[in-house]
Amino acid sequence: MSAGVAVVGAAESDLGVTDRSILGLQTQAVTRALADAGLTLADVDGIATTGVSRFSATQLADYFGITPRWTESTFAGGSAYEMFVARAAQAIEAGQCEVVVISFASNQRSARSRKMSGVHEPWIPEAQFEEPYDVLYPVSYYAMAARAYLDRYGKTHEQLAEIAVSAREWALLNPAAFRYGKGSIAAEDVLSAPVVSTPLTTADCCLVTDGGGAVVLTSLERARDLRRPPVRVLGYGERSTNTSFTAVEDLTVPAALGSAGDAYARAGITAADVDVVEVYDSFTITAALSLEGLSLCAPGEALDLIADGRTRPGGELPLNTNGGGLSYCHPGQYGVLLLVEAVRQLRGECGPRQVEGAEVAVAHGTGGILSSHATVVLGVDR
Amino acid sequence: MNESVRPGTGWSPAEVPPADEVTAAFWQATGEHRLTVQRCSACASVQHPPRAVCTGCSSMEHLAQVDATGEATVDVATTVHRAPRPDVVVPYTVARVRLAEGPLVLTRLEPPDPEGSGYAAGTRVVVHFHVLSDGRALPYFRPAPTEEY
Ligand SMILES: [Zn+2]
């Protein structure tokens, strides 16, 4: 019987508009997560992070004055943090390290560092064959996926907008959310917002905020001696599909089917066992495709699944219970905050937005232009 | 199919990086207003963009650029309403089109389709070329002439 690995600490940095540095926000997230676990920097011997610098994990180790036995900085955008959980679990089970901190922080809103055209790397094929057409990166890819999905299944933008409407309802229950106190929205508000790349409007697109988060992992054995109830890592899986706009033949087939299939198999569960769902909602379509990828519905039925408020507070499929990237926080690589919320739900700490009796949660990250996909299944220790 | 930008479109493409040893033949052909795809003579795979290896059979020795018909159908299109850089005029339409030879290609469609619903999947389009200042030309697509005229 595998000894297992658990999440023992979870925290956010300051969120929103912080006027703080990346390392300042990283430090908040890491020290708060360690405090949550009852640990200190001296306990940490594994670091996984990106977005700090070219040598991200080493940079953070230097900054914290530690010499880790294990680091990880796979760059996979918003899905990296779910991948880090998999790598960390393997490293802990293999005995390479004992206490891993997975963290991310960005000050992109304060620093105004986000660009509509993405990052220019002139040596990659996309620079010669895609960028000259001024395609918006990443928005236009998701816009194409939305157009293809709605056309293929005969659905409407109004139906898709429920992803944003539902996220706002959850954000209204979360004082940390950027849109907390900003009131409900309706599908027509999403449709009538300024168009970015058809059919998507600004209200289909995630926030651009500062923010960060961290989770702490260790062996289940050690976790049981720490101050918080352990949240077990039950399964994980990933797929990496494309960097170009043209590599994926059919934009309506979610690659998450593969990553979630692997994660469920490893966890020994099916979609029916999932109590709470935290998926990357960089755009409304991202979340819709993820629901299908997680096999929570049949292909083409995601917009039926979310209809009638089923994913809103009190609904049968609690989705993005912190308000998501659409209404809570989106610091550029939101994946770590999916994990933070999933852990908190399984520990029953979510107050008015708590999903009663949540025992199994899924965090599913998506990076790039539906480029990388990673699923983590978490569960209470029983 | 050899004009530069048509009056009224206001299209000034983003800078196109120089070709490298793998893409040189593609760009050289555009200077003659020929659209090409990379074909493997060992396994008959056709791919785009050009690569140093055939993804069908792993050969590095049997790849060459061959002329495409220039005919394609729209896979999916989106119309951009927010300019990613100061000197680009919105709205404009970008799309994945499937060449008659098989590969999907990212491109621009002219004229633009502000509502984003005019270039339905399957719409037939043909290649045109926007001349660049360095002698190369950037392929883009326009609706195919209708046959009843
Ligand atoms: Zn071949």
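The analysis underlying the following values was restricted to heavy atoms, covering all of them including side chains, and did not include hydrogens, waters or symmetry mates. Numbered from 1 within each chain, the chains take letters A, B, ... in sequence-line order.
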Exercise. Under a 4.5 Å heavy-atom cutoff, which of B:Pro139, B:Pro91, B:Pro103 has the most pairs with chain A?
Worked result: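 Among B:Pro139, B:Pro91, B:Pro103, the one with the most close pairs to chain A is B:Pro139.
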Per-residue contact mode, [X] against chain A (heavy atom under 4.5 angstrom):
| X | answer |
| --- | --- |
| B:Val105 | backbone |
| B:Val80 | both |
| B:Ala120 | neither |

Problem set entry | Result of checking B:Leu138, B:Leu106, B:Leu132 against A:Pro132 for side-chain contact (heavy atoms from CB on, under 4.5 Å) | B:Leu138
For this session: Please report the closest heavy-atom contact between B:Pro17 and A:Ala127, naming both atoms and the distance.
Result: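 Distance-wise, the nearest heavy atoms are CD-O, 3.1 Å.
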Here's a test: name every donor-acceptor pair under 3.5 Å between chain B and chain A, with the distance for each.
from: B:Ala14; atom 1: N; to: A:Pro132; atom 2: O; distance (Å): 3.4
from: B:Asp20; atom 1: OD2; to: A:Gln128; atom 2: NE2; distance (Å): 3.4
from: B:Thr23; atom 1: OG1; to: A:Gln128; atom 2: OE1; distance (Å): 2.8
from: B:Trp27; atom 1: NE1; to: A:Gln128; atom 2: OE1; distance (Å): 2.7
from: B:Thr78; atom 1: OG1; to: A:Ser197; atom 2: OG; distance (Å): 2.8
from: B:Thr78; atom 1: OG1; to: A:Thr198; atom 2: N; distance (Å): 3.2
from: B:Thr78; atom 1: OG1; to: A:Thr198; atom 2: O; distance (Å): 2.5
from: B:Thr79; atom 1: N; to: A:Thr198; atom 2: OG1; distance (Å): 2.8
from: B:Thr79; atom 1: O; to: A:Thr198; atom 2: N; distance (Å): 2.9
from: B:His81; atom 1: N; to: A:Val196; atom 2: O; distance (Å): 2.8
from: B:Arg85; atom 1: NE; to: A:Asp134; atom 2: OD1; distance (Å): 2.7
from: B:Arg85; atom 1: NE; to: A:Asp134; atom 2: OD2; distance (Å): 3.4
from: B:Arg85; atom 1: NH2; to: A:Asp134; atom 2: OD2; distance (Å): 2.7
from: B:Tyr92; atom 1: OH; to: A:Asp134; atom 2: O; distance (Å): 2.5
from: B:Arg96; atom 1: NH1; to: A:Phe245; atom 2: O; distance (Å): 3.0
from: B:Arg96; atom 1: NH1; to: A:Val248; atom 2: O; distance (Å): 2.7
from: B:Arg96; atom 1: NH2; to: A:Val248; atom 2: O; distance (Å): 3.0
from: B:Arg96; atom 1: NH2; to: A:Glu249; atom 2: O; distance (Å): 3.0
from: B:Arg98; atom 1: NH1; to: A:Glu249; atom 2: OE1; distance (Å): 3.2
from: B:Arg98; atom 1: NH2; to: A:Glu249; atom 2: OE1; distance (Å): 3.0
from: B:Pro139; atom 1: O; to: A:Tyr133; atom 2: OH; distance (Å): 2.5

